Amino acid sequence: MKKIKKKRLYELIAVIVILIIGIVFFTTVLNKSKVQFVSDIVELDLKGEYNPRDFVENIDKIENIEIDDSQVKIDQLGEYEIIYKYKEEEFTLRVKVVDRQAPKFEISNVELALGQEVNADLFVSSIEDQTETKTYFKETYDFKEIGEHKVIVVVEDASGNKTEKEATLKLIKDEEKPLLIGLKDFSVTKGTKINYLSGISAKDNLDKKPKIEVDSSQVNLSEIGQYKVIYTVSDKAGNKNTYTQKVTVYEKKATNSVGQNGNKTVYLTFDDGPSANTAKVLEVLKKYNAKATFFVTGNGQKYNYLIKQAHNEGHTIGLHTYSHNYSRVYSSVNNYFNDLDKIGQMVKGQIGFVPKYIRFPGGASNTVSRKYSKGIMSTLTSEVQKRGYQYYDWNCSSGDASGNNVAVSKIVKSSTSSHANNIMILAHDTGAKSTTVQALPQIIEHYKALGYTFKGIDDSTFTPHQHVNN
């Protein structure tokens, strides 16, 4: 009886083992026909490359598998799904787009004045990362003492990846005052508005953006008179500089033009200087005791001392705009007067006042201004006179504007062709007009032999105005 029971027990155990083996076998066979993933969730690098077939563990044993990864936005952090379809059955894999790259950046040492605000951004440049970043100090530092301070700067991206670098902050005692560049006096008609900061910039040894304050409370643009506008510029270390400029408000009144008179007078006028040739022109004029007029620009400031010399020797200084850049001065009325004001202030620095005699680049009859502003010459020729200036064209040309080193004989012939009582000759004294200097003695001798005198422009001078074509 015991032997029978023992035999049945063995038989039962054998059946159980066979069943287990069968279950394992059939489970394995069934699983081999399904999609198996390498992980429950797969991480992808932001903006990286990937192959969705690489995430299937038994891909080599599955044929005709369909994959849909259209939901995945590889350039955007987040979780997405990839759908795998095999034998009408769908399998879903969760993927996560992550940023595992730490930021890259350049670090620089910084020098500041004691008392200036210190932040980590000052040390960092050229940050490279896939996401938004923030910059900060690794520790809290005490920047209260003059000298060098070691700091650790951290740049962290939106995923928490960090890069640290060490830099040096040098704190110094700053006692240098900031400066204002481009200051000028203002001369405006009654009722005109003023942009007091136009053309003005601040400069400081350490502070990149000094603060500029303007006090125009003393100025009354509705009343004729002279006023003061006060500028204050300060840096972050507390250093300040104060400047006072003059504001002249005048009535809008046209300047009178002057016609021909019976006196035989030649007005030699030289444009576009000063230059090295200006000194040579002055020597010739001095030799013949002849006076002339120089319409100057800001393009030859190395020779600005000749403006003062010409003035001291009895010649007239006129304005020909600062830049003589057609595209700039003729782009708008405001741009023209800003350029005119700039040359006026430059000349004032040499002779003590702003001249009111001007010549337009290209003359009032120029047509090139049409390219930049239609009708601007019609406006400017009227407006300059309303603002107290007078403009002068010419009724005789030397011909030296046609090119450089024009033949002396040609310049002499062209310059001596007029028979008017009042003759205003257009000539140039730039560095490229050496033949004009050579022709000058013959021109002066010609007219002197005919009884002419040579004068600089003044308020009684004949005012040649050419026809305005724009």
Side-chain angles (χ1 to χ4, degrees), residues 181-189 192-201 269-275 277-278 293-304 307 317-349 354-394 397-404 406 426-433 436 464-470:
I181 300 170
L183 287 170
K184 60 185 177 183
D185 291 334
F186 297 90
S187 183
V188 298
T189 56
T192 303
K193 293 182 179 180
I194 297 177
N195 180 359
Y196 292 104
L197 292 175
S198 176
I200 293 175
S201 60
T269 63
F270 297 91
D271 289 7
D272 301 349
S275 77
N277 276 331
T278 306
T293 300
F294 296 86
F295 289 104
V296 301
T297 73
N299 295 325
Q301 295 188 41
K302 176 181 177 181
Y303 301 99
N304 272 7
I307 297 175
I317 305 300
L319 309 178
H320 198 34
T321 71
Y322 185 87
S323 67
H324 202 277
N325 184 319
Y326 287 80
S327 64
R328 181 181 305 169
V329 300
Y330 291 142
S331 59
S332 71
V333 173
N334 283 339
N335 284 351
Y336 172 80
F337 279 104
N338 285 339
D339 209 77
L340 187 66
D341 287 343
K342 193 172 183 180
I343 188 62
Q345 293 303 311
M346 189 193 87
V347 171
K348 182 182 178 182
V354 177
K356 61 182 179 180
Y357 310 129
I358 67 174
R359 176 168 285 161
F360 293 110
S365 62
N366 82 81
T367 56
V368 69
S369 56
R370 288 177 184 166
K371 290 170 37 178
Y372 311 109
S373 182
K374 187 176 180 180
I376 192 171
M377 294 313 302
S378 297
T379 302
L380 289 178
T381 51
S382 173
E383 188 63 26
V384 293
Q385 294 180 86
K386 290 176 181 177
R387 298 194 186 193
Y389 295 99
Q390 183 55 274
Y391 72 94
Y392 295 82
D393 290 318
W394 55 90
S397 174
S398 68
D400 67 352
S402 62
N404 296 331
V406 175
L426 170 66
H428 296 80
D429 62 330
T430 57
K433 306 297 180 181
T436 301
H465 284 175
Q466 298 172 353
H467 178 72
V468 176
N469 296 307
N470 181 29

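Predicted, not measured: the structure shown is a model, and the values here were computed from it.
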So do the side chains of [X] and [Y] get within less than 4.5 Å of each other, counting heavy atoms only?
X      : Y      : value
Val347 : Val354 : no
Thr269 : Tyr392 : no
Tyr357 : Ile317 : no
Tyr336 : Glu383 : no
Arg359 : Thr293 : no

Can you tell me how far apart [atom1] ([X]) and [atom2] ([Y]) are? Round to the nearest 0.5 Å.
X      : Y      : atom1 : atom2 : result
Gln466 : Tyr391 : CD    : OH    : 9.0 Å
Tyr372 : Ser327 : OH    : OG    : 5.0 Å
Phe295 : Leu319 : CZ    : CG    : 8.5 Å
Asp271 : His324 : CG    : NE2   : 6.5 Å
Asn366 : Tyr326 : CG    : OH    : 6.0 Å
Leu380 : Tyr389 : CG    : OH    : 12.0 Å

Look at the side chain of [X] and the backbone N and O of [Y], then say whether any donor-acceptor pair between them is shorter than 3.5 Å.
X      : Y      : result
Asn469 : Thr367 : no
Gln385 : Ser382 : no
Asn299 : Gly273 : no
Lys433 : Asp400 : yes
Asp272 : His428 : no
Thr321 : Leu340 : no
Asn470 : Gly375 : yes
Lys348 : Ile343 : no

Check [X] against [Y] and note the closest heavy-atom contact, atom names and distance.
X      : Y      : result
Ser323 : Arg328 : CB-NH1, 3.4 Å
Thr381 : Ala364 : CG2-CB, 3.9 Å
Pro274 : Asp429 : CA-OD2, 4.5 Å
Ile376 : Val329 : CD1-O, 4.4 Å
Ala427 : Ser398 : CA-OG, 3.6 Å
Pro355 : Gly318 : CB-CA, 4.4 Å

ask   = Between Tyr330 and Phe360, is the ring centre distance below 6.0 Å?
value = no

inquiry  = I'd like to know whether Ser365 forms a side-chain contact (heavy atoms from CB on, under 4.5 Å) with Asp393, so could you lay out the CA-CA distance, the side-chain angles of the two residues, the decisive distance to 0.1 Å, and finally the verdict.
reply    = CA-CA 8 Å; Ser365 62; Asp393 290 318; 5.8 Å; no

query = Should Thr436 and Asn277 be marked as a side-chain contact (heavy atoms from CB on, under 4.5 Å) after you check the CA-CA gap, both sets of side-chain angles, and the distance that decides it?
reply = CA-CA 9 Å; Thr436 301; Asn277 276 331; over 6 Å; no

message = What verdict does the side-chain contact (heavy atoms from CB on, under 4.5 Å) test give for Val384 and Phe337, after you've listed the backbone C-alpha separation in whole Å, the side-chain angles of each residue and the deciding distance to 0.1 Å?
response = CA-CA 9 Å; Val384 293; Phe337 279 104; 3.7 Å; yes

ask   = Does the side-chain contact (heavy atoms from CB on, under 4.5 Å) test come out yes or no for His320 and Ile358, once each step is laid out?
value = CA-CA 6 Å; His320 198 34; Ile358 67 174; over 6 Å; no

